[in-house]
Amino acid sequence: SANGLSLVECELITGRTHQLRVHCSHIGCPILGDPQYGNEESRFGLESQMLCAKKLEFDHPITGQQLILESTMEAML
C-alpha cells in the first residue's frame with residue numbers, strides 16, 4: 001500500500017455499494033473519500049467516495065440486449 005492506500009477489486013452482484021462501504025469501514029479499511037463510513041485519514045479533502053467500475057454488465061431495459069461496458073485502469077485514474 002502506498003501512503004496507507006490499497007487498490008482492492010470486489011465483485012458486487014447486486015450493484016449496491018452500501019454493504020461494501022460498511023464492511024470495509026468495519027475492518028478498518030474505509031473507502032477513500034467516503035463521507036459517511038470513512039474517517040478523516042480516508043478523506044484527504046474529498047467529499048465523496050472514490051469507487052470506480054471496471055466492468056458493468058446489464059440487460060438493456062427496453063431491448064433486453066445484454067450490454068457489457070469495460071474500462072481500463074488508466075481511464076479510471
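Position 1 is the first residue of the sequence, and the numbers go up from there. A quick note: this is a predicted structure, and the numbers were derived from the prediction, not measured.
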Minimum heavy-atom distance between I31 and C24, given as atom pair plus value: CD1-SG, 4.0 Å
Assert yes or no for the condition that the ring centre distance of H26 to Y37 is strictly below 6.0 Å. no
Between S48 and P35 the two heavy atoms that sit nearest each other are CA-CD, 4.0 Å
Qualifying residues under side-chain hydrogen bond (donor to acceptor under 3.5 Å, both in side chains), relative to Q19, sequence neighbours excluded: H23
Could you state the interatomic distance from NZ (K55) to CD (E9), rounded to the nearest 0.5 Å? 10.5 Å
Can you get from L5 to M50 by hopping between Ile, Leu, Val, Met, Phe, Trp and Tyr side chains that sit under 4.5 Å apart? yes
Looking at every non-hydrogen atom in both residues, tell me the closest pair between A53 and S71 and how far apart they are. O-CB, 4.4 Å
State, yes or no, whether a side-chain contact exists between L51 and L20 at a heavy-atom distance under 4.5 Å. yes
Atom pair CG (L56) and CD1 (I68), whose distance is rounded to the nearest 0.5 Å: 10.5 Å
For G38 and P30, work out which heavy atoms get closest and say how close. CA-CB, 3.6 Å
Nearest 0.5 Å please: distance from the CD atom of Q49 over to the CZ atom of R21. 4.0 Å
